[in-house]
Amino acid sequence: MQTDAGIGSDHASSDLEHVLTEADLELINALQIAPRATWQDAGRILGVRPATLAVRWERIRRSGVAWITGYSIGDPTAMNLAFVDVDCEPGRVGEVADALCEIPEVQSVELPAGHHDLLLTVFTPTVTDYARTTGPAILRVPGVERTQTSLGSRLHLAGHSWRLSALDPAKAAAFAALPAPRPAPGPLPEACQDLLPLLMRDGRATAAQMAKILDRNASTVQRQLARVLGSGLMSFRCDVAHGLVGFPVTCTWYAKVPPGKHAAAAVAVRSLRSVRLAASVTGQANFIVTMWLRSVAEVMNAELALQEKIPGIELIESLVMLRIAKRMGVLLDPDGRSLHRSVVVGGVLPSDLDDSSLPAE
């Protein structure tokens, strides 16, 4: 997979060893809570000079250890979420993964240790779009033998809500209390829409950076950026190289929850800090849970926790990911670092990934 530079220059060399300090972890945690917090606000809360925070974040970002991306928001009542198991021809898993990473609707590409070669997370505007376009596109990739699709009926918890918990509660609350952008209702002018792809590549892109790329006056782009941020059409997310923040193991469980118990199961998994994703899906396995863990040895402990928290749950299959090639539109290197290249599609992500974001079970 080739990479290209995002806003703010290129990615760090592959041999860079980035050692995260406690101050780095606090900054990442802060930007998970408030991805576009100003350096002035962040400096006030953290007790650090704004210029120091800006330099620190640029070092972290360029190393690929953490990154912020923007996503266009689609209609949460119509959007389609699919989890797709892919079987490949022998010896072709790597090239198939690379090809699938280039399909914008394929938001995540994971290589699990299990019965299937790849696990995909796919967002499309509607089920029809998936059936007519994206599903067939996946099958047409050379080397793909077969696929098996589970459709999301309700997304209870997603990765954007996962936190490092490096901040003390008072500082975390202060970042959560920062004011939201001033609402800007009405259709988004065409000139403002030019900013969307740039914010998808770098969720903290400044008006000055975008003005230079778009060859526009900086003050004009500042007004356009305010309009975009106030429109409610974009969501921002700070992600991390999970192994470099102490959670090198990603495990996904396909499970079966008794009918009528999905809401209770969702509440239960929220109490487990390691959970990154929980979703109700169609099929024999009707519930999916993903956790970030510190070792493979923790998998058994996690399974016991799930069984204790969710009476009646049946764990059908566990998948430990050997590699994650793409996460939420961002291509990753084998160490989980961002390659500073996004392959995303606008208008398909729900505005609030919680119990109300998809149709009820």
Side-chain angles (χ1 to χ4, degrees), residues 2-12 27-28 30-43 50-74 104 107 160 175 178-240 326-332 337-349 351:
Q2 298 178 343
T3 65
D4 60 4
I7 292 176
S9 190
D10 56 356
H11 60 80
L27 178 56
I28 294 171
L31 294 178
Q32 287 178 323
I33 299 169
R36 285 194 61 91
T38 67
W39 295 131
Q40 288 74 22
D41 284 338
T52 300
L53 292 178
V55 171
R56 183 178 297 157
W57 172 249
E58 183 61 12
R59 172 172 54 84
I60 294 170
R61 188 197 69 80
R62 287 174 65 90
S63 73
V65 173
W67 58 95
I68 294 174
T69 42
Y71 301 94
S72 291
I73 293 172
Q107 292 290 308
H160 75 285
F175 277 102
L178 289 175
R182 180 177 299 177
L188 199 63
E190 185 175 346
C192 294
Q193 296 180 22
D194 295 337
L195 277 59
L196 302 185
L198 304 182
L199 290 168
M200 289 177 184
R201 289 166 58 188
D202 181 359
R204 283 193 64 85
T206 66
Q209 289 171 329
M210 291 188 284
K212 184 175 181 180
I213 293 171
L214 298 171
D215 193 23
R216 295 179 185 174
N217 181 275
S219 60
T220 299
V221 176
Q222 183 64 56
R223 291 193 297 271
Q224 294 168 345
L225 176 60
R227 183 70 182 271
V228 169
L229 297 178
S231 69
L233 296 176
M234 292 205 76
S235 177
F236 297 92
R237 162 178 173 147
C238 179
D239 234 322
V240 295
K326 183 181 184 183
R327 186 195 304 144
M328 289 307 294
V330 176
L331 302 185
L332 308 180
R337 292 181 170 123
S338 165
L339 289 170
H340 299 291
R341 180 173 175 228
S342 300
V343 184
V344 297
V345 61
V348 298
L349 297 183
S351 58

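What you are looking at is a predicted structure, and each value in this text was computed from that prediction instead of being measured.
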Is it the case that the side chain of Gln40 and the backbone of Pro50 share a donor-acceptor pair, with hydrogens and angles ignored and the cut-off at 3.5 Å? no
Kindly indicate whether the side chain of Thr69, heavy atoms from C-beta on, has any atom under 4.5 Å from the side chain of Asp239. no
Quick one: does Arg327's side chain have a donor or acceptor within less than 3.5 Å of a partner on Val240's backbone? yes
Does Ala37 offer a backbone N or O that forms a donor-acceptor pair with the side chain of Arg204 under 3.5 Å? yes
Do you know the tightest heavy-atom contact between Ile60 and Ala66? CG2-CB, 3.7 Å
Between Arg237 (side chain) and Pro35 (backbone), is there a donor-acceptor pair under 3.5 Å? no
Any heavy-atom pair between the side chains of Leu178 and Ile33 that's under 4.5 Å? no
One pair to check against side chain to side chain contact (heavy atoms under 4.5 Å, CB included): Arg216 and Leu195. What are the steps and the verdict? CA-CA 11 Å; Arg216 295 179 185 174; Leu195 277 59; 3.9 Å; yes
Donor-acceptor pair, Tyr71 side chain versus Met328 backbone, under 3.5 Å? yes
Taking atom OG of Ser63 and atom CD of Glu58, what is their separation to the nearest 0.5 Å? 10.0 Å
Between Arg182 (side chain) and Gly230 (backbone), is there a donor-acceptor pair under 3.5 Å? no
Using a 3.5 Å distance criterion without hydrogens, assess whether the side chain of His340 forms a donor-acceptor pair with backbone atoms of Arg61. yes
